[in-house]
A.B. asks: 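Sharing a structure, written as structure tokens. Questions coming.
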Protein chains: 2
Amino acid sequence: MDRVDEILAQWNRERPDLDVTSMGLIGRIRRLAAHLGREMEKTFAAHGLNSATFDVLATLRRSGPPYGLSPGDLLAAMMITSGTLTNRIDQLEKAGLVKRNHNPEDGRSVIVSLTDKGFSAIDAAVTAHAATQARLVASLPAADKAALDALLRGYLARFENPA
Amino acid sequence: MDRVDEILAQWNRERPDLDVTSMGLIGRIRRLAAHLGREMEKTFAAHGLNSATFDVLATLRRSGPPYGLSPGDLLAAMMITSGTLTNRIDQLEKAGLVKRNHNPEDGRSVIVSLTDKGFSAIDAAVTAHAATQARLVASLPAADKAALDALLRGYLARFENPA
DNA sequence: TCCCGATATCTTGACGTCAAGATAATACAA
DNA sequence: TTGTATTATCTTGACGTCAAGATATCGGGA
């Protein structure tokens with residue numbers, strides 16, 4: 001009987017006509033995401049970042065040399081809107097972690113690249129981030145972890161692999 | 001090979017020293033939460049609400065008669081800060097869906113109650129919401145759904161049942 | 001009775017996000 | 001070559017959230 005179960009029990013009492021069997025599953029996914037996000041945010045803050053700016057730097061870093069992508073490329077890799085991305089890049093540029101360069105082949109386009117400072121920052125942050133993530137799942141038995149990951153992958157595919 | 005796997009593959013190429021085995025699990029939970037949240041938001045919007053205001057109304061509704069709780073009670077049931085709750089109640093009061101009453105037994109305290117309009121609104125919204133949630137998990141085989149829910153419950157307990 | 005710590009709620013200011021639309025450059029058909 | 005649709009990015013305004021602190025009330029000890 002966890003907090004989600006309590007919520008379901010209340011609904012069953014007040015609105016017995018409702019089928020809330022799906023509510024528990026979805027509620028648990030969302031509560032877990034919130035808990036995990038808050039923990040990870042602490043690691044980002046310790047490196048002068050937040051999840052928004054980390055996300056941009058990490059995408060550039062893992063894209064490999066020369067560590068530059070257009071805003072359009074970045075958008076395709078993230079679950080955000082274009083206005084949000086512009087704001088993130090502005091913040092990072094102001095902090096000297098990325099720079100914008102004109103794309104000589106297309107006047108509409110821009111290439112956002114990691115600066116040396118940005119490269120150092122994201123490399124240190126992602127190292128700590130991986131450790132935080134390992135800690136956040138450490139309490140989960142290996143078998144549960146594997147089973148959970150497999151089930152989530154199948155579920156997620158229904159949203160991201162239209163077919 | 002979903003999008004999360006692509007991210008892990010990039011990290012393995014660029015930072016083979018990192019152990020990213022936990023990153024996939026956490027990433028999938030968070031991406032799922034985002035997808036689910038956006039879908040549910042559409043249902044709330046169709047009823048003139050959003051997830052923030054729905055959350056307050058739903059908590060009051062499922063608390064049962066007389067459909068009134070103090071901000072403190074509401075806070076305990078939600079994963080938000082007090083300032084956020086004050087703002088939510090303000091919005092709902094402005095819309096005529098809840099009302100604040102002084103608590104005669106404690107001058108510091110307030111009782112937030114559903115108005116008739118608020119009661120009608122949340123009853124209609126939650127009916128639609130339950131249908132949306134059912135649709136969002138409909139593609140999942142019943143066995144997977146049960147297994148996933150059980151694993152998530154165990155994982156969530158590590159964050160919400162300190163012991 | 002009086003005072004002070006605890007409690008309940010609200011206020012303030014900054015920030016991240018989004019939807020919708022603006023701006024500018026490119027591509028391609030006529 | 002010209003004009004229009006398309007593409008890439010940015011701007012604007014509104015909103016929800018948070019952390020930190022302010023305000024007001026309560027409760028218990030001196």
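The model shown is predicted, which means the values in this text are computed figures rather than measured ones. Letters A, B, ... are given to chains in the order of the sequence lines, protein chains preceding strands, and every chain is numbered from 1.
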A.B. asks: Please confirm whether the shortest side-chain N or O distance from B:Thr84 to OP1 or OP2 of D:dG16 is below 4.0 Å.
C.D. replies: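 Looking at the OP1 and OP2 atoms of D:dG16, neither is under 4.0 Å from any side-chain N or O of B:Thr84.
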
A.B. asks: May I ask you to evaluate whether B:Asn50 reaches the phosphate of D:dG16, defined as a side-chain N or O under 4.0 Å from OP1 or OP2?
C.D. replies: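 Indeed, a polar side-chain atom of B:Asn50 lies that close.
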
A.B. asks: Whether A:Thr81 contacts C:dC18 is assessed here as follows: a side-chain N or O lying under 4.0 Å from the phosphate OP1 or OP2. Is that the case?
C.D. replies: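 So the side chain of A:Thr81 is within the cut-off, an N or O lying under 4.0 Å from OP1 or OP2 of C:dC18.
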
A.B. asks: Check whether any side-chain N or O of B:Ser109 sits under 4.0 Å from OP1 or OP2 of C:dA8, and answer yes or no.
C.D. replies: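 The answer is no; no side-chain N or O of B:Ser109 sits under 4.0 Å from OP1 or OP2.
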
A.B. asks: Under 4.0 Å between a side-chain nitrogen and a carboxylate oxygen: does that hold for A:Lys99 and A:Asp116?
C.D. replies: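 Here A:Lys99 does not pair with A:Asp116 in a salt bridge, since their nearest N and O are not under 4.0 Å apart.
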
A.B. asks: Give one of base, sugar-phosphate or nothing for A:Ile80, where a contact means two heavy atoms less than 4.0 Å apart.
C.D. replies: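 A:Ile80: backbone/sugar contact only, no base atoms under 4.0 Å.
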
A.B. asks: Tell me whether B:Glu160 is salt-bridged to A:Arg31, with the criterion being a basic N under 4.0 Å from an acidic carboxylate O.
C.D. replies: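 Counted as a salt bridge, because a side-chain N and a carboxylate O are separated by less than 4.0 Å.
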
A.B. asks: To the nearest Å, how far apart are B:Asn87 CG and D:dA14 P?
C.D. replies: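 B:Asn87 atom CG is separated from D:dA14 atom P by 15 Å.
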
A.B. asks: Over all strands shown, is B:Ser51 touching base, sugar-phosphate only, or nothing at heavy-atom distances under 4.0 angstrom?
C.D. replies: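 No contact at all - B:Ser51 keeps every heavy atom at 4.0 Å or more from the nucleic acid.
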
A.B. asks: Let me know the distance between CG of A:Asp106 and P of D:dT6, rounded to the nearest Å.
C.D. replies: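 For the pair A:Asp106 CG and D:dT6 P, the rounded distance is 17 Å.
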
A.B. asks: Quick check for you: to the nearest 0.5 Å, what is the distance between B:Leu151 atom CG and A:Leu148 atom CG?
C.D. replies: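 Those atoms lie 5.5 Å apart.
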
A.B. asks: Could you give the CD-to-P distance, from A:Glu41 to C:dC15, as a whole number of Å?
C.D. replies: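 Distance check: A:Glu41 CD to C:dC15 P gives 14 Å.
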
A.B. asks: Are the side chain of B:Gln133 and the backbone of A:Val20 linked by a donor-acceptor contact shorter than 3.5 Å?
C.D. replies: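 Checked: no pair found.
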
A.B. asks: So what does A:Ser82 touch, heavy atoms closer than 4.0 Å: a base, only the sugar-phosphate, or nothing?
C.D. replies: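 Base, at least one base heavy atom under 4.0 Å.
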
A.B. asks: Using a 4.0 Å heavy-atom cut-off, does B:Gly83 contact any base of the nucleic acid, only the sugar-phosphate backbone, or nothing at all?
C.D. replies: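 Touches a base.
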
A.B. asks: If I take atom CZ in residue A:Arg88 and atom P in nucleotide D:dT11, what distance separates them, rounded to the nearest angstrom?
C.D. replies: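 Whole-Å distance recorded here is 17 Å.
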
A.B. asks: Sub-3.5 Å donor-acceptor pair from the side chain of A:Arg15 to the main-chain atoms of B:Asp123, do we have one?
C.D. replies: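 Looks like yes, one N/O pair under 3.5 Å.
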
A.B. asks: Please confirm whether the backbone N or O of A:Tyr67 pairs with a side-chain atom of A:Arg61, one donor and one acceptor, at under 3.5 Å?
C.D. replies: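 Checking the backbone N and O of A:Tyr67 against the side chain of A:Arg61, no donor-acceptor pair under 3.5 Å is found.
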
A.B. asks: What contact category does B:Thr86 fall into here, base, sugar-phosphate, or nothing, at under 4.0 angstrom with non-hydrogen atoms?
C.D. replies: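 Here B:Thr86 touches the bases of the nucleic acid.
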
A.B. asks: Can you measure A:Asp55 atom CG to C:dC15 atom P for me and round it to whole angstrom units?
C.D. replies: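 So the two atoms are 19 Å apart, to the nearest Å.
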
A.B. asks: Does OP1 or OP2 of C:dA6 have a side-chain N or O of B:Arg108 closer than 4.0 Å?
C.D. replies: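 Looking at the OP1 and OP2 atoms of C:dA6, neither is under 4.0 Å from any side-chain N or O of B:Arg108.
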
A.B. asks: Rounding to a whole Å, what distance do you find between A:Leu85:CG and C:dC15:P?
C.D. replies: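 My rounded result for the distance is 19 Å.
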
A.B. asks: Does A:Ala52 or B:Asp73 map to a spot on DNA chain C nearer the 5' end, using the closest nucleotide for each?
C.D. replies: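 Nearer the 5' end of the strand: B:Asp73.
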
A.B. asks: Using heavy-atom distances to pick each residue's nearest nucleotide on DNA chain C, tell me which of B:Gly72 and A:Gly107 is more 5'.
C.D. replies: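 The residue mapped nearer the 5' terminus is B:Gly72.
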
A.B. asks: Base, sugar-phosphate alone, or nothing: which one does B:Met78 contact when heavy atoms must sit under 4.0 Å apart?
C.D. replies: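 B:Met78: no heavy atom of the nucleic acid under 4.0 Å.
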
A.B. asks: What's the CD-C1' distance between A:Gln91 and D:dT11, to the nearest Å?
C.D. replies: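 Taking atom C1' of D:dT11 as the reference, CD of A:Gln91 is at 15 Å.
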
A.B. asks: Mind calculating the distance between CD (B:Glu105) and P (C:dA8) to the nearest angstrom?
C.D. replies: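 Whole-Å distance recorded here is 14 Å.
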
